[in-house]
Amino acid sequence: MTKHTVLVTGGTGTLGRQVVPLLRAAGPPVRVLSRQDRPDADSVTYVRGDLLGDPATAARQLDAALAGVDTVLHLAGGPKGDDVATRLLVAAARRAGVRHLVYISVIGADRLPLGYFRAKHAAERAVADSGLPYTILRAAQFHDLAFTVAEKMARLPLVPAPGGVRWQPVDVREVAARLVELALDGPAGPVPDLAGPTVYEMGELTRGYLAARGRSRRHLPLRVPGRVGRAYRAGENLAPAGAEHGRRTWEEYLAERLAG
Ligand SMILES: NC(=O)c1ccc[n+]([C@@H]2O[C@H](COP(=O)([O-])OP(=O)(O)OC[C@H]3O[C@@H](n4cnc5c(N)ncnc54)[C@H](OP(=O)(O)O)[C@@H]3O)[C@@H](O)[C@H]2O)c1
């Protein structure tokens, strides 16, 4: 197990906020990269850096962030630019002699013809081709994202129910626990995907959300056209054979979140 500092990019995000305390509890010093200045807290050091900022500035920020680091958990991400951000991080990690780069990707990264998935796949390739010892975990959509989507859909007078589009949402705490285990275990390359325990049609997710809120709405069946629709209907975003599955269900997540 590493005693050197672990750098977590995205340590302030939905996933990162679960990862950081687990990592702290496991022992190594933890440093978090963020685009904002943040005060150090709970034995976690925050360093400033924008992976999509001016490349020369970002490279300087990363060189400082990576000093004395031997393991990086790269969780920073957004709707766009994960490929660009990851290439920059990989170059800096090589300069710093990082000994383990752990990357979180998404199930179907190489199969869904959507910009977000393509960027995740290009980022995976940047990590795998870096020459650095690495681990890549692909996860399904987190419950938190399913909740955000369901909440938005449920505001519409008719809730869209795209036929054949299914999700297998996973609890972010289970993804975090797996990532910390992987980070501490050492480089493993691509590891089995991690999805939730149950596959749902999108309409089932919104119905579950509405029921948990004690509401109902009419659903409007629709068909997602083109290659994207075909890929979803073929289940390209779902866990393939050999995947691992979390235990916490969407229903448990809803009950906990709405009680909170
Ligand atoms: N959400 C899902 O369902 C899901 C499923 C599978 C995989 N993933 C992957 O898991 C990772 C984390 O997702 P999440 O839902 O936790 O994201 P999130 O809540 O949106 O948080 C994004 C994180 O990335 C950091 N970040 C964003 N842009 C950055 C930049 N240009 N430079 C430096 N840091 C930046 C943010 O830090 P600051 O705001 O502090 O700068 C924040 O900590 C992403 O790589 C995502 O693709 C997500």
Side-chain angles (χ1 to χ4, degrees), residues 1-2 6-11 13-16 18-19 22-23 26 51 66 69-78 81-94 96-142 145 166-197 199 231-232 234-247:
M1 202 242 291
T2 181
V6 176
L7 178 72
V8 185
T9 76
T14 307
L15 175 60
Q18 302 298 327
V19 163
L22 294 179
L23 211 47
L51 293 166
L66 285 163
V69 165
D70 78 351
T71 300
V72 177
L73 265 88
H74 177 33
L75 317 177
D82 279 10
D83 46 350
V84 176
T86 303
R87 281 188 208 111
L88 204 86
L89 177 70
V90 160
R94 285 167 55 109
V98 163
R99 285 156 52 173
H100 187 192
L101 174 56
V102 182
Y103 181 56
I104 180 70
S105 187
V106 64
I107 296 179
D110 54 338
R111 301 187 295 271
L112 264 288
L114 284 169
Y116 168 75
F117 288 80
R118 286 197 179 110
K120 296 299 283 184
H121 189 219
E124 286 182 357
R125 287 200 307 267
V127 170
D129 296 346
S130 65
L132 293 166
Y134 74 93
T135 302
I136 295 175
L137 174 68
R138 288 180 173 179
Q141 282 65 41
F142 308 153
L145 180 62
R166 289 159 293 160
W167 276 22
Q168 200 167 6
V170 63
D171 197 286
V172 73
R173 291 165 293 187
E174 292 174 321
V175 180
R178 179 76 180 121
L179 279 169
V180 170
E181 189 178 71
L182 290 166
L184 300 177
D185 272 1
V191 296
D193 297 358
L194 178 57
V199 175
Y232 271 111
E236 301 290 16
N237 61 317
L238 303 176
E244 292 176 353
H245 295 270
R247 298 165 69 97

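By convention here, the first residue in the shown sequence is residue 1. Since the structure is predicted, the reported quantities are computational estimates derived from the model, not experimental observations.
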Legend entry - Closest approach of Val102 to Ala183 (non-hydrogen atoms, all atoms of both residues): CG2-CA, 3.9 Å
Legend entry - For Arg166, all residues meeting side chain to side chain contact (heavy atoms under 4.5 Å, CB included), sequence neighbours excluded: Val199, Glu201, Leu238
Legend entry - Of all pairs that satisfy salt bridge (charged side-chain N to carboxylate O under 4.0 Å, His left out), the ones with a partner from residues 237-246, not counting sequence neighbours: Arg178-Glu244
Inset, instruction - Report the residues that fulfil side chain to side chain contact (heavy atoms under 4.5 Å, CB included) with Ala92, sequence neighbours left out, ordered by chain and then residue number. - result: Leu62, Asp63, Leu66, Arg95
Inset, instruction - Of all the heavy-atom pairs spanning Val180 and Leu23, show the shortest one and how long it is. - result: CG1-CD1, 3.9 Å
Inset, instruction - State, with a plain yes or no, whether a side-chain heavy atom of Val175 is found less than 4.5 Å away from one of Leu137. - result: yes
Inset, instruction - Run the numbers on Val127 and Leu132 for side-chain contact (heavy atoms from CB on, under 4.5 Å), then give the verdict. - result: CA-CA 7 Å; Val127 170; Leu132 293 166; over 6 Å; no
Legend entry - Stepwise side-chain contact (heavy atoms from CB on, under 4.5 Å) check, Thr71 with Leu7: CA-CA 6 Å; Thr71 300; Leu7 178 72; over 6 Å; no
Solution key, residues 112-120 side-chain donor-acceptor pairs under 3.5 Å, sequence neighbours excluded:
{"unit_1": "Lys120", "atom_1": "NZ", "unit_2": "Asp82", "atom_2": "OD2", "d": "2.9"}
{"unit_1": "Lys120", "atom_1": "NZ", "unit_2": "Tyr103", "atom_2": "OH", "d": "3.0"}
{"unit_1": "Lys120", "atom_1": "NZ", "unit_2": "Ile104", "atom_2": "O", "d": "3.2"}

Legend entry - For Ala26 against Leu184, the heavy-atom pair lying closest together: CB-CD1, 3.5 Å
Inset, instruction - Return the set of residues passing salt bridge (Lys or Arg N to Asp or Glu O under 4.0 Å) with Arg87 (not counting sequence neighbours), or none when no residue passes. - result: none
Legend entry - Atom pair CG/CG of Asp70 and Leu101 - distance to nearest 0.5 Å: 12.0 Å
Legend entry - Residue Arg94 excluded, over 12 heavy atoms near CZ under 6.0 Å: no
Legend entry - Side-chain heavy atoms of Leu73 within contact of Leu179, under 4.5 Å: yes
Inset, instruction - Only counting residues at least two apart or in another chain, list the ones meeting side chain to side chain donor-acceptor pair (under 3.5 Å) with Arg125. - result: His121
Legend entry - Residues forming a side chain to side chain contact (heavy atoms under 4.5 Å, CB included) with Ala195, sequence neighbours excluded: Ile107, Ala140, Gln168, Ala239, His245
Tell me which donor-acceptor pairs under 3.5 Å the side chains of residues 186-193 have, and how far apart each pair is, sequence neighbours excluded?
none

Inset, instruction - Measure the shortest side-chain to side-chain distance between Asp171 and Phe142 over non-hydrogen atoms and say whether it is less than 4.5 angstrom. - result: no
Inset, instruction - Nearest 0.5 Å please: distance from the NE2 atom of His74 over to the OG1 atom of Thr86. - result: 3.0 Å
Legend entry - Residue pairs fulfilling side chain to side chain donor-acceptor pair (under 3.5 Å) with at least one residue in residues 127-139, sequence neighbours excluded: His100-Thr135, Asp110-Arg138, Glu124-Arg138
